[in-house]
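Written below as structure tokens is the structure these notes are about.
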Amino acid sequence: MKNKTKEKGTPEGKTGTRLQGVIEIGSTAIRLLVVQIFPDNSWETVDKAGLAIPLGRDVFSDGNISRESLLQCLFILNRFREVMDNWGIPDGQITVVATSAIREAKNRDSVLDRIAVKTGFRVRVIDGIEEIHLLYLVVSNALKNSHTHRSKVNSLIMDVGGGSTEILLLKNGKMVATHSFSIGTVVIDQQMKAFKGTMQDMNRLLEEYAKTTAEKLNNELRLDLIKELIAIGSDIRLAAHSVGVQADEYHAKIKRADFVNFVEKIAGLSPEEIVHRYGISYNEAESLLPGLSIYQFFLNRIGGDDILVPYQSIREGVILSILNETEEPSYSNFYDQTVSSAMTLAEKFHCDKKHAAYVTRMALFLFDSLQGELGLNRRARMLLEISAILHDIGSFIGETMHHLHGEYIVLHSEIFGLSREDLCLVANIVRYHRGDHPAQDHPGYASLPRDDRTMILKLSALLRIADALDCRHSQHIPEYTVELTPETLFLHPVGAHDTTMEKFALEKKGGLFEQVFGYTLTIVR
């Protein structure tokens, strides 16, 4: 299945084309995807494979990946290594990701080490937030032909995996919340086996889980106002293949009544019968009903009647994330959704919107004006923007130490598009927008890689200046211009304004900038 409607006849190896491989280590299987990427960034699948493995069963019952499963994992990965070698794909064009099973395993570090030693693959363990980002990319790509329609409706995007469920809420096409819940099909199946539960017990368990989840979601967007359920995952794709209707080459649609009947049909089959009838592994057959039941629970609570099912998965999401680094429109859309998610978080904690907007504008103005001095990329610019939006979020807890409270809130929050590593950087920038300068005796800062510490120093310095320029929270100086001389950074207010307070604030907060960049700071009346 191609990523573009337009047919491509470019032969493999022609200038400008390249092969990209993705391997996903999931809870019930390890799956491979090989795509050919063309010069215009369109792509098509040239190979895919999947082999079952019970990693989720190990982790969600015992906490560890067993020796037997590790050996099986190594065997499968080495087989996939041979596939990549046969295609002539170098390591730099192979991405290996792992989701909840390895993420939650107590012996994760030793498992990752054995994989690296025995296969040569360096596995990237993605957290729930990054998984949500990849899912969003998949949905945006699969439903791009209906973008105008989707911008006018509320949507619930969900992926029920083996060990976790990822959920995104969109209001009129804009991100309002993201959540990663530590429950999935393998988790439920293991609990049922442990307590010898019946079908009724599973429904009660799902009811309790989903009720708690629904209450949290209702605080951000009422479920009955949601008109679209967009579902991703192998379980729901099986349902779409069985009872769905192809909407276009990128996604299918399942009517509510057809889906309910399909779930009832699956409930009446044994795992052995499911394996025989649908050609899936026994592990996948055991987890099929719990997964479909979770989707059905949410379908029953939203206002829409259909389920939209993209044909693609997290593996295609990895491909799209790679292409987004060079594809400006896609990156711009991702950027906007990330900023929207940060604004939603700021509103939740009652931040001063006008002050935050002004500080954000000033921080980005300084970033753009001093690009030659910073040596930072657009990802750093996005992190600065998010940090500026959230810099006063800790005031919700208390004003005096709000920079420290803000660090805590950001570290324990979820922002669409930001990984845990990104959140850690934003938390540090928020912390250092006032108060003490970053120091080696601050564990949360000192433990970071040197490049990250350098970025925090630079962005915190800019954020301190931007905050000082609105020390009165009045936004009474709309604009500044920048003049940089060999020794001094001059800030020129546009128009006639009293700058007494701003000069005083800049003297107090400008020290980090002077320390990092070596320029003195002056506001010119």
Side-chain angles (χ1 to χ4, degrees), residues 132 135-161 165-181 185 203 206-207 209-267 288-313 333 337 340-341 344 416:
I132 284 172
L135 296 177
Y136 177 78
L137 293 177
V138 168
V139 170
S140 297
N141 184 65
L143 303 182
K144 57 189 173 186
N145 293 334
S146 59
H147 174 73
T148 302
H149 162 71
R150 287 175 53 241
S151 67
K152 299 177 182 178
V153 300
N154 301 332
S155 305
L156 171 66
I157 303 172
M158 64 185 302
D159 175 21
V160 180
T165 295
E166 321 303 336
I167 290 180
L168 300 81
L169 289 177
L170 279 70
K171 183 176 182 180
N172 298 329
K174 294 293 184 180
M175 192 74 57
V176 295
T178 63
H179 294 284
S180 179
F181 298 100
T185 58
N203 287 334
L206 288 175
E207 180 79 23
Y209 148 70
K211 178 182 177 182
T212 303
T213 305
E215 287 174 356
K216 182 175 291 188
L217 298 179
N218 270 321
N219 291 331
E220 293 151 334
L221 181 61
R222 281 173 45 192
L223 292 179
D224 61 335
L225 297 179
I226 294 174
K227 301 303 181 184
E228 280 187 348
L229 173 60
I230 305 169
I232 303 172
S234 57
D235 295 336
I236 198 68
R237 284 197 299 273
L238 174 62
H241 178 74
S242 301
V243 298
V245 176
Q246 181 171 343
D248 58 28
E249 65 176 313
Y250 303 109
H251 77 284
K253 182 181 292 186
I254 311 175
K255 293 188 176 299
R256 179 193 292 267
D258 293 336
F259 182 70
V260 171
N261 290 336
F262 181 72
V263 176
E264 291 178 355
K265 180 180 179 180
I266 295 297
L288 180 60
L289 182 59
L292 296 178
S293 298
I294 294 175
Y295 289 117
Q296 182 176 346
F297 181 92
F298 283 95
L299 179 63
N300 290 340
R301 280 153 182 77
I302 67 169
D305 287 326
D306 299 328
I307 306 176
L308 304 183
V309 185
Y311 291 132
Q312 298 172 345
S313 67
N333 183 44
Q337 293 291 3
S340 176
S341 180
T344 299
F416 168 77

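Just so it is clear, the model here is predicted, and its values are computed rather than measured.
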Quiz item: Rounded to the nearest 0.5 Å, how far does CG of Leu223 lie from CZ of Arg301?
Solution: 9.0 Å
Exercise. Measure the shortest side-chain to side-chain distance between Ile232 and Ile157 over non-hydrogen atoms and say whether it is less than 4.5 angstrom.
Key: yes
Quiz item: Once you round to the nearest 0.5 Å, how far does CZ of Phe259 lie from OG of Ser242?
Solution: 11.0 Å
Quiz item: Can you find a heavy atom in the side chain of Tyr311 that is under 4.5 Å from one in the side chain of Gln246?
Solution: yes
Quiz item: Have Glu228 and Asn154 got a donor and an acceptor in their side chains that come within less than 3.5 Å?
Solution: no
Exercise. State, to 0.1 Å, how close Gly291 and Val160 come at their nearest heavy-atom pair, and which atoms those are.
Key: CA-CG1, 4.1 Å
Self-check item: Gap separating the CG atom of Leu289 from the CD1 atom of Ile294, nearest 0.5 angstrom
Solution: 10.0 Å
Quiz item: So do the side chains of Ile307 and Leu299 get within less than 4.5 Å of each other, counting heavy atoms only?
Solution: yes
Quiz item: For Asp258 and Val260, what are the C-alpha separation, side-chain angles and deciding distance, and is it a side chain to side chain contact (heavy atoms under 4.5 Å, CB included)?
Solution: CA-CA 6 Å; Asp258 293 336; Val260 171; over 6 Å; no
Quiz item: Is a side-chain N or O of Ser140 found less than 3.5 angstrom from the main chain of Tyr136, in a donor-acceptor match?
Solution: yes
Quiz item: So do Val138 and Ser313 actually touch side chain to side chain, heavy atoms under 4.5 Å?
Solution: no
Practice problem: Would you check if Thr344 and Phe416 make a side-chain contact, meaning some heavy-atom pair closer than 4.5 Å? | Solution: no
Quiz item: Do the non-hydrogen side-chain atoms of Ile230 and Leu143 ever get within less than 4.5 Å of each other?
Solution: yes
Quiz prompt | Smallest separation among heavy atoms of Leu308 and Pro310, with atom names | solution = O-CD, 3.6 Å
Exercise. Measure the shortest side-chain to side-chain distance between Leu137 and Asn141 over non-hydrogen atoms and say whether it is less than 4.5 angstrom.
Key: no
Quiz prompt | Pairwise distance NZ(Lys255) to CG(Asp306) - rounded to 0.5 angstrom | solution = 5.0 Å
Quiz prompt | Spatial distance of atom NZ (Lys171) from atom OG (Ser340) [nearest 0.5 Å] | solution = 11.0 Å
Quiz prompt | Heavy-atom closest pair, residues Ala252 and Ala240 | solution = CB-CB, 4.1 Å
Quiz item: Where is the tightest heavy-atom contact between Arg237 and Gln312, given as atom of each residue plus distance?
Solution: NH1-O, 3.4 Å
Exercise. Starting from the C-alpha separation in whole Å, work towards a yes-or-no answer on side chain to side chain contact (heavy atoms under 4.5 Å, CB included) for Ile302 and Asp224.
Key: CA-CA 4 Å; Ile302 67 169; Asp224 61 335; over 6 Å; no
Quiz item: If you round to the nearest 0.5 Å, how far is CG of Asn261 from CD1 of Ile266?
Solution: 12.0 Å
Quiz item: Is the closest side-chain heavy-atom distance between Tyr295 and Thr165 below 4.5 Å?
Solution: no
Self-check item: Contacts of Asp248 that satisfy side-chain contact (heavy atoms from CB on, under 4.5 Å) - sequence neighbours left out
Solution: Asn145, Tyr250, His251
Quiz prompt | Side-chain donor/acceptor of Arg256 to backbone N/O of Gly304, under 3.5 Å | solution = yes
